[in-house]
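Remember, it's a predicted structure, so these values are computed and weren't measured experimentally. Here is the naming used below: chain letters follow the sequence lines, and residue numbers restart at 1 for every chain.
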Amino acid sequence: MKIEDRISEAVKAIVEELYGQPVTDKMVQLQQTRAEFEGQITLVVFPFTKMSRKAPDATAQEIGERLMAKLPEVISGYNAVKGFLNLSISSSQWISLLQEIQTNPKFGFKPVTDESPLVMIEYSSPNTNKPLHLGHVRNNLLGWALAQVMEANGNRVVKTNIVNDRGIHICKSMLAWLKWGNGETPETSGKKGDHLIGDYYVAFDKHYREEVKQLVSQGMDEEQAKQEAPLIKEAHEMLVKWEQNDPEVRNLWKQMNEWVYAGFDETYQALGVGFDKIYYESETYLEGREKVEEGLSKGLFYRRPDGSVWADLTGEGLDEKLLLRSDGTSVYMTQDIGTAKLRFQDYPIDKMIYVVGNEQNYHFQVLSILLDKLGFKWGKDLVHFSYGMVELPNGKMKSREGTVVDADDLVAAMIRDAKELSADKVNKLEGITEQEAQEIARIVGMGALKYFILKVDARKNMLFNPEESIDFNGNTGPFIQYTYARIKSILRKWNNEIVLDEKAFETELADKEISLIQKLQGFEAAVCQAGQDYNPSCIANYCYELVKEYNQFYHDFSVLKEEDKTKQQVRLMLSAAVGQVVKNGMGLLGIKVPERM
RNA sequence: GGUCUGGUAGCUCAGUCGGAUUAGAGCAACAGCCUUCUAAGCUGUGGGUCAUGGGUUCGAGCCCCAUCCGGAUCACCA
């Protein structure tokens with residue numbers, strides 16, 4: 001049982017006994033004691049002063065006295081300052097805690113069993129007409145990290161992806177490829193499949209705008225020109241053919257999508273993310289239509305004279321929402337309903353989490369209500385993990401203005417920078433093969449990118465400066481990785497000399513060491529909070545704080561001398577424990593830690 | 001305009017359930033520290049009206065109300 005839990009329990013009993021009033025968990029507030037006071041754990045007694053009808057100081061004294069009598073093996077002393085009761089904890093308690101952290105490789109994680117709640121997490125959700133960009137990178141990293149965090153909190157997790165593989169945007173790429181492609185393939189062009197298709201999407205847009213411009217110069221209204229341009233008409237015709245299962249169009253569509261998927265897979269692999277189940281919109285969009293018709297027959301929705309189907313959400317304080325167009329085709333919302341139906345058939349989902357940008361907050365508010373109305377038990381409390389936009393120094397990313405940061409380019413640049421940086425420190429990497437050096441550069445470069453994105457609160461918009469933002473110094477992934485590599489280096493040298501001598505330990509445990517042990521213990525709380533708030537960033541910040549604190553007395557380490565043996569033992573054990581926790585924490589973020597760098 | 005969301009150092013960001021005379025990191029600037037298990041590190045200096053004004057209480061960056069400023073959204077687009 002944890003030290004804090006034992007104290008908390010004892011405090012409850014004591015206060016109830018002293019003042020004869022019930023005490024809730026919330027009233028027992030324990031925190032780490034400030035450095036300037038004696039003790040390690042502090043009880044805030046203000047919540048009890050009302051029932052004690054005494055001054056905060058006196059109340060604290062009273063509780064401290066009883067607490068010490070009740071838990072003599074845990075508490076070795078106490079002092080009261082104003083409304084704060086500072087408790088000194090016996091060294092033996094800290095030592096057993098340290099041992100537990102060090103020997104338990106799953107420290108901080110809750111076990112997952114067959115009875116654990118089933119959580120499905122949807123993330124990534126790319127369109128198949130262009131390669132992934134920085135915004136997708138944030139989505140993918142958050143989605144993956146969130147999946148790890150949920151699992152660490154004792155949930156069964158299914159990671160899923162809904163691929164938007166149909167629609168007018170795909171037809172645009174297909175058409176452009178037919179017109180100007182000359183049969184180009186990823187093999188003949190040497191381009192990644194997703195980039196190849198993306199280039200044709202851009203080509204379409206370019207020609208299309210020229211056409212519109214020409215029509216406008218001939219005196220046509222711009223809105224009309226956008227609809228009348230021959231290219232867009234042709235693309236629409238293609239979409240109709242696709243829906244009619246025209247074999248030629250379908251074959252081309254399949255071929256191009258395969259190229260794109262191969263490209264995506266490369267990017268996903270580089271980012272270190274993956275999925276347990278992938279859904280394709282081409283397979284789900286018809287399901288949604290059925291579900292809407294079903295809702296219509298139950299009177300949940302209504303049909304307008306023009307044939308379109310709507311949901312009236314004015315009762316929920318929202319607007320009316322279109323579900324089927326007047327021509328009977330699906331909209332975005334319909335497809336999400338269809339996907340939900342298939343997912344529910346495939347898995348007994350207890351909780352559904354959608355990792356989607358905050359621009360779609362309204363969409364998910366509506367989706368939640370609709371799914372609930374349609375009888376999905378997890379619909380009402382589905383979670384929209386809503387993350388902020390990534391902004392660039394000169395504004396937002398706009399594909400038309402060419403201010404998009406491409407995911408593959410970014411990854412390559414990060415790895416290259418890491419490689420260059422480590423080349424400057426070539427003396428450290430003696431005896432390392434070129435292959436190993438490349439692997440380290442990959443781990444460090446990706447660590448920098450991942451940490452930079454994940455340390456920011458997911459809900460907030462964040463600024464990304466490609467030239468300056470990603471640093472390898474300061475509060476960064478590489479800083480944490482570097483500390484881990486150093487710990488490993490120490491352990492490689494001294495590991496076989498770790499022995500346990502509890503008596504000797506007690507004499508060497510100073511406030512600094514105890515503070516670090518408490519910090520280590522805080523990992524459990526950080527994991528728990530990350531799961532509750534759906535917020536991986538608190539784990540990143542926890543790792544940084546831990547490493548920062550560790551580094552401060554890493555520098556006191558000196559070569560092992562005979563008379564310092566005990567001191568070294570304590571520090572070796574601390575180092576091992578810090579390394580273990582850092583590895584676990586970074587693992588939750590999808591960041592690898594290198595044995596050396 | 002309605003709804004949602006954010007505003008903390010020059011810049012990028014932390015800040016746990018509301019807790020302790022002094023609100024923290026990093027970057028940028030300046031001054032130190034490598035004969036030693038990794039200096040991608042450590043130490044120090046300067047830098048703040050926590051957007052503004054009220055309120056709640058033993059106590060507010062955090063909770064409530066109002067105002068100002070930014071962002072998102074309110075499509076027979078996805």
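- Within 4.0 Å of D457(A), counting heavy atoms only, lie sugar-phosphate atoms of the nucleic acid but no base atom.
- Across all strands shown, E359(A) has heavy atoms under 4.0 Å from sugar-phosphate atoms exclusively, and none from any base.
- Taking a pair to require two hydrogen-bonding distances under 3.5 Å in either a Watson-Crick or a G-U wobble arrangement, rG1(B) pairs with rC74(B).
- Not one side-chain nitrogen or oxygen of Y362(A) sits closer than 4.0 Å to the OP1 or OP2 atom of rG2(B).
- In textbook terms, a nucleotide whose glycosidic angle is within 90° of 0 is syn, while rC11(B), being further out, is anti.
- Q529(A) and Y542(A) are not linked by any side-chain donor-acceptor pair at a separation below 3.5 angstrom, with hydrogens and angles left out of the test.
- T476(A) and D471(A) share no donor-acceptor pair across their side chains, judged by distance under 3.5 Å alone.
- Atom CG of D194(A) is separated from atom CG of N127(A) by 12.5 Å, given to the nearest 0.5 angstrom.
- One interatomic measurement links the two molecules: CD of E320(A) to P of rG2(B), which rounds to 20 Å at whole-angstrom precision.
- In this structure, N86(A) reaches the bases: a heavy-atom distance under 4.0 Å links it to at least one base atom across the strands shown.
- Ring orientation note: the planes of F452(A) and F464(A) are nearly perpendicular, at an angle over 60° on the 30°/60° scale.
- Among the heavy atoms of the strands lying under 4.0 Å from T42(A) is at least one base atom, whether or not backbone atoms are also near.
- Atom OH of Y554(A) is separated from atom P of rC34(B) by 15 Å (rounded to the nearest Å).
- No donor-acceptor contact under 3.5 Å links the side chain of S422(A) to the base of rA40(B).
- Of the nucleotides present, none pairs with rC62(B) by Watson-Crick or G-U wobble criteria with both distances under 3.5 Å.
- Between the side chains of Q360(A) and Y332(A), at least one donor N or O lies within less than 3.5 Å of an accepting N or O.
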Nucleotide by nucleotide, nucleotides 4-11 of chain B touches protein heavy atoms under 4.0 Å in the pattern (B base, S sugar-phosphate only, - none) S-SS----
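- For K548(A) and rG41(B), the shortest distance from a side-chain N or O to OP1 or OP2 is not below 4.0 Å.
- In this structure, M389(A) reaches neither bases nor backbone, as no heavy-atom distance under 4.0 Å exists between it and the strands shown.
- F37(A) comes within 4.0 angstrom of a nucleotide base, judged by non-hydrogen atoms across all strands.
- For rU43(B), one of the phosphate oxygens OP1 or OP2 lies less than 4.0 angstrom from a side-chain nitrogen or oxygen of Q552(A).
- For the pairing with Y354(A), the ring pair (Phe, Tyr, Trp, His ring centres under 6.0 Å) check across Y123(A), Y534(A), F364(A) returns one residue only, F364(A).
- Residue R325(A) places at least one side-chain N or O closer than 4.0 Å to OP1 or OP2 of rC77(B).
- When Watson-Crick and G-U wobble pairs are counted only if both distances are under 3.5 Å, rA39(B) pairs with no nucleotide at all.
- Using a 4.0 Å heavy-atom cutoff across all strands shown, V44(A) reaches at least one base atom of the nucleic acid.
- For Y332(A), no side-chain nitrogen or oxygen approaches OP1 or OP2 of rA78(B) to under 4.0 Å.
- With 3.5 Å as the limit, one finds no donor-acceptor pair spanning the side chains of S308(A) and R304(A).
- Q360(A) comes within contact range of at least one nucleobase, with a heavy-atom separation under 4.0 Å.
- Checking rC13(B), rA78(B), rC27(B) against every side-chain atom of V456(A), the shortest atom distance belongs to rC13(B).
- Checking S575(A) against Y550(A) by side-chain atom types alone, a donor-acceptor pair falls below 3.5 Å.
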